[in-house]
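A short write-up of the structure that comes next.
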Amino acid sequence: MIAEHRVRAADGWRLSVLDLQPAGPAWGVVVVGHAIMVDRRTFLRRDRPCLARTLCDAGLRVLLPDLRGHGASGPDPARGGDWSYDQLVEDTAVYLDLARRLAPDLPLATLGHSLFGHTTAAWCTTAAAREIAPAAHVALCADFWLPDTEDRPLVWALKRLVMAVGTRFTGVLGRLPARGFGVGSADEAYSCFDDLRRCIAEDGWRARSGHDYRAGLAGVDLPVLLVLSEGDRVASPRTAERLWSPLPRRTTWRLAAGGATDQDGRGLPELAGLGAPGHMAPVTDPASEPLWRAIATWLKGQLVA
């Protein structure tokens with residue numbers, strides 16, 4: 001049985017969170033958040049193996065939010081919804097607070113694909129995170145485009161063009177029509193997209209207040225697992241590893257055609273055969289099930305003494 005919780009953000013926005021409980025006693029609770037231009041359906045499917053159920057079968061209680069403006073946490077931009085990047089960061093506290101209230105005796109972790117991977121890390125750099133923060137975090141195919149981390153001039157020119165065109169469309173239409181362009185299942189808000197453009201222009205992953213999320217990574221004292229793929233054109237390992245380099249307790253799994261390795265170049269036999277999937281396949285393709293099981297094992301190693 002899957003329960004739904006409706007919680008309010010600090011500004012009153014209503015957020016929907018699904019609650020999956022394992023058949024036996026849970027050894028931890030994990031908040032699992034999705035990427036930009038999609039919703040939580042990337043994690044939860046009834047017709048095939050999926051990441052959420054794999055984590056649940058491993059003994060984790062899984063909380064699945066639809067992030068602000070996505071899925072059941074509307075209104076979406078077509079219905080007048082608008083939100084900033086910083087509001088997505090701040091909403092992390094709402095999910096963590098819900099997890100604490102539902103399972104006060106269980107250790108708490110977070111897992112984010114792309115967008116939620118970096119918004120959660122950004123939250124952990126804030127002063128408010130001293131009051132409530134996860135005990136471990138998984139950032140799956142997560143990167144934040146900055147000129148400082150991209151050393152390929154042609155690739156950076158393409159990234160800037162994508163952001164410029166995207167911002168122009170969001171400015172005219174009031175949203176990025178991801179569904180219309182066939183690049184996602186959820187449209188994105190103008191304010192959020194403009195924040196991404198601003199960060200690129202300023203060469204800094206910063207809040208509107210000026211708080212520097214990237215500089216704050218050095219003070220994030222919790223284990224973080226980075227899962228990157230050589231086949232990912234959105235979150236390239238060469239740029240993502242530079243972005244996350246200040247994290248003091250990071251573990252990196254790098255997926256490649258020749259096999260998966262960790263940050264020291266050691267092979268990861270449990271991930272053999274995965275190849276180098278693209279940006280979405282690590283969460284949507286049933287062939288990624290060995291990766292999902294390995295993530296559950298890593299989380300158990302961090303949460304259970």
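Please read these numbers as outputs of a predicted model, since none were measured by experiment.
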Under the side chain to side chain donor-acceptor pair (under 3.5 Å) criterion, do Asp66 and Ser16 qualify, and how do the steps go? CA-CA 6 Å; Asp66 265 332; Ser16 169; 5.1 Å; no
With sequence neighbours left out, what residues match [X] under side chain to side chain donor-acceptor pair (under 3.5 Å)?
X: Asp11; answer: Arg68, Gln87
X: Thr170; answer: none
X: Arg168; answer: none
X: Gln302; answer: none

Considering only heavy atoms from C-beta outward, does the side chain of [X] approach that of [Y] to under 4.5 Å?
X: Leu60; Y: Trp27; answer: yes
X: Arg293; Y: Thr297; answer: no
X: Asp86; Y: Tyr213; answer: yes

Determine which pairs satisfy ring-ring contact (aromatic ring centres under 6.0 Å, His included) with at least one residue from residues 105-136, sequence neighbours left out, and list them in order. Tyr85-His118, His113-His279, His118-Phe144
Would you say CZ of Arg242 has more than 12 non-hydrogen atoms from neighbouring residues, nucleotides or ligands within 6.0 angstrom? yes
Using side-chain contact (heavy atoms from CB on, under 4.5 Å) as the criterion, list what pairs up with Arg152, not counting sequence neighbours. Glu150, Val155, Ser236, Arg238, Thr239
Might you work through the side-chain contact (heavy atoms from CB on, under 4.5 Å) test for Trp83 and Asp91, ending with a clear yes or no? CA-CA 11 Å; Trp83 58 89; Asp91 288 345; over 6 Å; no
